[in-house]
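Presented below is the structure to which this report refers.
Note that the structure is a prediction, hence the values are computed from the model and not measured.
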Amino acid sequence: TILASFTNITLNAEEIYGRAEITGLIGSVVSTLLLVIFYKSVGVIILVYALLIGKLIDLIITIFFLQKIGYNFKILWSVPFFNVNSFFKVMLTTSGYVLTTQLNVTLMTAMASFLPTGSISIYNYVLRLSTKASGIINGPVNTVFFSKFSNMIAQQKSNLHNFINNTLRALVIVYFLVFCIIYLLGYELLHILWSNGKLSIDEMSIAYLMLCLNFFAYILKFRII
């Protein structure tokens, strides 16, 4: 995953958009096909094999794209100008973030145990749903934004403030429109996704409220920025 992330960032920095997303899609499709085809014969361990093979295919295709634009790969055991101290400083900061995130998840799960049965499942499902939906918006925007932003810094352009403000305003408008759609059609959307009828009317109302609040939180986040 680290190698795939590095190659994806490199492709985006070279303003080659869409290739990273396509390779991820191909890897996901292959993983799903392996899971469907071999589940009965191999068993539940096929989940691990399918994810691993999907990641490897993702990495191989991405490296192929990099080689086409002139990047070559070789193993280096040491680099004279590499500062080990800076690496560990970054790792320490990242580890702190990961630790606090996991602590937050643990506390949320512990507090949810006092709620009625199924509440945490509804919350996690709606949270994943809103995260995936926001990723469809944020993913392309982040890719193009940070690539353009880094190029503007390299070219020492002076209108960086306007570029950031215009991007944030556009995101606020888009998320506001999405929030309006979710507010008007979110309940019906959840009924379609949970068409088996296992949730009661009260549980469906809670899920709808959580969905609306999640998208409203995205608007607040960009407004605060």
Side-chain angles (χ1 to χ4, degrees), residues 1-2 4-25 27-28 58 62 65-66 69 89-90 93-94 96-105 108 122-193 204-225:
T1 301
I2 293 172
S5 298
F6 170 76
T7 52
N8 291 343
I9 291 170
T10 306
L11 284 174
N12 292 331
E14 294 288 345
E15 296 189 358
I16 300 176
Y17 304 123
R19 303 291 177 88
E21 288 74 13
I22 291 173
T23 55
L25 178 61
S28 299
D58 183 5
T62 308
F65 283 134
L66 286 174
I69 59 175
K89 286 179 181 178
V90 173
T93 305
T94 306
Y97 169 76
V98 173
L99 180 64
T100 53
T101 302
Q102 292 304 313
L103 181 62
N104 177 60
V105 172
M108 286 284 291
I122 296 173
Y123 171 77
N124 287 333
Y125 180 86
V126 174
L127 182 62
R128 285 196 297 270
L129 183 65
S130 58
T131 301
K132 288 182 179 180
S134 64
I136 296 174
I137 303 171
N138 278 341
V141 172
N142 287 340
T143 299
V144 177
F145 171 78
F146 284 108
S147 297
K148 296 290 184 183
F149 187 70
S150 60
N151 287 334
M152 291 175 70
I153 292 177
Q155 297 170 11
Q156 296 182 348
K157 293 188 176 181
S158 58
N159 58 340
L160 295 176
H161 188 267
N162 292 334
F163 177 68
I164 295 174
N165 282 341
N166 291 336
T167 304
L168 289 176
R169 288 193 190 100
L171 279 174
V172 170
I173 293 172
V174 170
Y175 268 110
F176 178 74
L177 293 175
V178 173
F179 172 75
C180 292
I181 294 173
I182 292 298
Y183 181 75
L184 295 173
L185 302 175
Y187 197 82
E188 288 73 16
L189 175 64
L190 290 174
H191 268 288
I192 294 174
L193 295 175
M204 191 69 73
S205 299
I206 292 173
Y208 168 68
L209 178 62
M210 290 177 178
L211 189 64
C212 290
L213 289 176
N214 267 290
F215 279 97
F216 185 70
Y218 285 115
I219 300 175
L220 289 180
K221 179 181 73 172
F222 289 115
R223 288 301 300 166
I224 292 172
I225 293 174

Heavy-atom side-chain contact between Ile164 and Phe149 under 4.5 Å
yes

Rounded to the nearest 0.5 Å, what separates atom CG in Asn214 from atom CG in Leu209?
10.0 Å

Going from CG on Asn162 to CG on Asn166, what distance comes out if it is rounded to the nearest 0.5 angstrom?
6.0 Å

Got a sec: does the OH of Tyr187 have more than 12 other heavy atoms crowding it under 6.0 Å?
yes

Does a sphere of radius 6.0 Å around OH in Tyr183 hold more than 12 heavy atoms from other residues, nucleotides or ligands, not counting ones at 6.0 Å or beyond?
no

To the closest 0.5 Å, what do you measure between CG (Leu177) and CD1 (Ile181)?
6.5 Å

Tell me, please, which residues at least two apart from Ile206 pass side-chain contact (heavy atoms from CB on, under 4.5 Å).
Met210

Mind listing the side-chain donor-acceptor pairs of residues 126-136 below 3.5 Å, one per line with the distance, residues two or more places apart or on another chain?
from, atom 1, to, atom 2, distance (Å)
Ser130, OG, Val126, O, 3.1
Ser130, OG, Leu127, O, 2.9
Thr131, OG1, Leu127, O, 2.7
Ser134, OG, Ser130, O, 3.1
Ser134, OG, Thr131, O, 2.8
Ser134, OG, Tyr218, OH, 3.1

Might you confirm whether atom CZ of Phe176 has over 12 heavy atoms from other residues, nucleotides or ligands at distances under 6.0 Å?
no

Rounded to the nearest 0.5 Å, what separates atom CG in Leu220 from atom OH in Tyr175?
13.0 Å

Euclidean distance, Ser150 OG relative to Gln155 CD, rounded to 0.5 Å:
9.5 Å

Going through the distances and angles, do Phe179 and Phe215 end up as a ring-ring contact (aromatic ring centres under 6.0 Å, His included)?
CA-CA 6 Å; Phe179 172 75; Phe215 279 97; 8.0 Å; no

Tell me whether Glu188 at atom CD has more than 12 heavy atoms from other residues, nucleotides or ligands lying less than 6.0 Å away.
yes

